[in-house]
Amino acid sequence: MQASTYCLETTGLTHRYGNTEQTLENINLQVETGSIYGFLGPNGAGKTTTLRLVLGLLTLQQGSVSIFGMDLWRHRIDILRQVGALIENPSLYGHLTAHENLEILRVLYRCPSSRIHEVLDLVGLAGTGRKYVSQFSLGMKQRLGIAAALLHSPSLLILDEPTNGLDPNGIIEMRALLRRLNEEHGITIVISSHLLAEIEKLVSHVGVIHRGTLRFQGTLPALNRLADLDGTVTFEVDDMPNAARSFQELGVTSLQAGEKLTVGGLMRQDIPSMAAHLVNQGVGIYSITTHKRDLETLFMDLISD
Amino acid sequence: MRLTFIDSYKSEWIKRRRSLASWLVVIGAFFTPAVVVVARPAHAPGLRKVYTSEGFWMNHWSTSWESMAVFLLPMGVMLSVSLITQLEYKNNTWKQVHTTPLRYTTIYFSKLAVILTLVVAFFVLFNVGMVIAALVPPLVLGHVPFPGSPDVLFFLKENAYYFLDCLPMVALQYLISLNYRNFLVPVGAGFLLWVASIGVLRWKYSYIMPYSYTIFNFLGASERGKAIVPAVNFHLLAVGYFVAFTVVGYILYVNKKVKG
């Protein structure tokens, strides 16, 4: 078997519900081993459908899914043994306790009993005792869902909007937990969300989906570079004509407004050399201001039609 | 594979804890014996004669099974099978079940095995209840003697027949419940089939109705009832239906396009 650099890879994933218009079109996800992959998109973009296909909950119509270098349909059992998942609302039995809910899975995965206490402790539900899950708050259910996904120490964790129902403190705690799992245990995490701000601080890689098509896929720095690109930089200088001439020599178009020159299409890393060039030309610089698109704006641009 | 099945069975068994289906099994099993216990003291003067008669156990057996074979057992099977299967829909847990490292075959048959275990538990509890109901009057009322020994082999054989006869209901209710999220669909379908079975009881081809076999088994025990029972081996038919419904249910389940 050829080792793949991707922990999870989909090729040409296309799906349609009944006779409706195409739900997913040619989705090629590439999740690197050891990464935290943020799968972003507005509600109804196709995130959950993609993740359900990845987990085999929907029958593949077109394309393929490979996890740990193995084809999902040929090696479903071997793959699922190493995957933990939380899709949409947590799957829990309301008439049972948190411990009993995890016992159902512990028996299947043949984990030691102590593991139940470990994961309950990890998500802060160790003290729920004989309380039935139906009496849990949405946040507690969400945390128990994550405990269930972590019970068998999976190598890949697939979480579909796991912060739904969590309060701001809960979101921060979950982010810290996921980061710790990734850094200390090397677990690859795929986390979907419709809010970039929510996972921006957590993920190393991003995939943006909208209307069933993948609009961007790459590392977070690559997304940042995309945000930087087409951003503008304003130089406040003491010698406007000289500065404008200097930019012209470099082939950069500038726009004059009062004592300021605004330059477009610069990358963040171009700013120091540009400033040095101006200084070498005898131009004094009072201030440099960047006006890059923030990630949120870029995200909105990516998901606009 | 065998170990996985046992693990899956254990896992399924945990789910039925405190579930409505489990309570239904216990309450349903003790319902008729409880009615018998309550009713007997009302006939206290005549109980001595009843308990000293040679056919006490056969009469007691027949009284206890009358409502059970015709009504309570079919209803109990319909409700408990549907409730057990609906646990996954109600709790939105099919997606979790289908992302565990289990073959669909294992999931399907381990669930069915748990349902069959509950049916067996129902029979055991009902028999225990029946014996208790028989022993309460002699224990409570001083003038009523203890009855003689029952024909245990006959009871075991009849229990086995009733179990076989309810299997088509189990398999068909399971098949329907697996395919419909709405609890009313399997229960409604089961109820209609049961009513239809009773409606065609005197028809010469009534044996084609898979919900009529427990009634036939009960009727077959009395001379009057025997006339209605068709001259076919309906126990064998019950097994045939059970196998057929189980296979069809399995094929439909495995080929479901959406699994959670």
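Just so you know, these numbers come straight off a predicted model, no measurement behind them.
Contact of B/Leu102 with chain A is made through backbone and side chain together, with heavy-atom distances under 4.5 Å. Both the backbone and the side chain of A/Thr97 come within contact range of chain B, each with at least one heavy atom under 4.5 Å from a heavy atom of that chain. Contact annotation for B/Tyr9: neither backbone nor side-chain heavy atoms come within less than 4.5 Å of a heavy atom of chain A. Neither the backbone nor the side chain of A/Ala149 comes within less than 4.5 Å of any heavy atom of chain B. At a 4.5 Å heavy-atom cutoff, B/Lys90 makes no contact with chain A through either its backbone or its side chain.
Surrounding CH2 of A/Trp73 are more than 12 heavy atoms belonging to other residues, nucleotides or ligands, all under 6.0 Å away. For B/Tyr104, the OH atom sits in a packed shell: over 12 heavy atoms of surrounding residues, nucleotides or ligands are nearer than 6.0 Å. Atom CZ of B/Phe191 is surrounded by 12 or fewer heavy atoms from other residues, nucleotides or ligands within 6.0 Å.
No side-chain donor-acceptor contact under 3.5 Å links B/Arg17 to the backbone of A/Leu96. Distance alone, capped at 3.5 Å, is enough to place a donor-acceptor pair between the A/Ser91 side chain and the B/Asn92 backbone. When atom types are taken as modelled, the side chain of B/Lys95 and the backbone of A/Asn89 share a donor-acceptor pair closer than 3.5 angstrom.
At a threshold of 4.5 Å between non-hydrogen side-chain atoms, the residues A/His95 and B/Leu87 count as touching. Within the 4.5 Å cutoff, the side chain of B/Ile14 has heavy atoms near those of the A/Val107 side chain. Contact annotation: the side chain of A/Glu100 approaches that of B/Arg18 to within less than 4.5 Å [non-hydrogen atoms, C-beta and beyond]. A/Tyr17 is not listed as a side-chain neighbour of B/Lys257, based on a closest heavy-atom distance of 4.5 Å or more. Side chains of A/Leu92 and B/Thr93 form no contact here, defined as non-hydrogen atoms less than 4.5 Å apart.
Chain B forms more heavy-atom pairs under 4.5 Å with one residue of A/Val83, A/Val133, A/Leu86, A/Leu105 than with any other, namely A/Leu105. Each of A/Leu55, A/Leu58, A/Leu108 has some count of heavy-atom pairs under 4.5 Å with chain B, and the biggest count is that of A/Leu108. Taking A/Asn101, A/Leu57, A/Ile87 one by one and counting their heavy-atom pairs under 4.5 Å with chain B, the maximum is reached by A/Leu57.
Residue A/His152 holds its NE2 atom at 9.5 Å from OG1 of B/Thr100, rounded to the nearest 0.5 Å.
A donor-acceptor contact closer than 3.5 angstrom is absent between the side chains of A/Tyr93 and B/Gln96.
Shortest non-hydrogen contact noted between B/His98 and A/Arg76 is O-NH1, 3.3 Å. Nearest heavy-atom pair, B/Pro101 versus A/Tyr109, reported as atom, atom and distance to 0.1 Å: CD-CE2, 3.2 Å.
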Pair A/Arg52-B/Val258, side chain to side chain contact (heavy atoms under 4.5 Å, CB included): steps then yes or no: CA-CA 9 Å; A/Arg52 288 168 82 198; B/Val258 180; 3.4 Å; yes
Salt bridge (Lys or Arg N to Asp or Glu O under 4.0 Å) between B/Lys15 and A/Glu103, intermediate numbers included: CA-CA 10 Å; B/Lys15 293 177 192 173; A/Glu103 181 67 14; over 6 Å; no
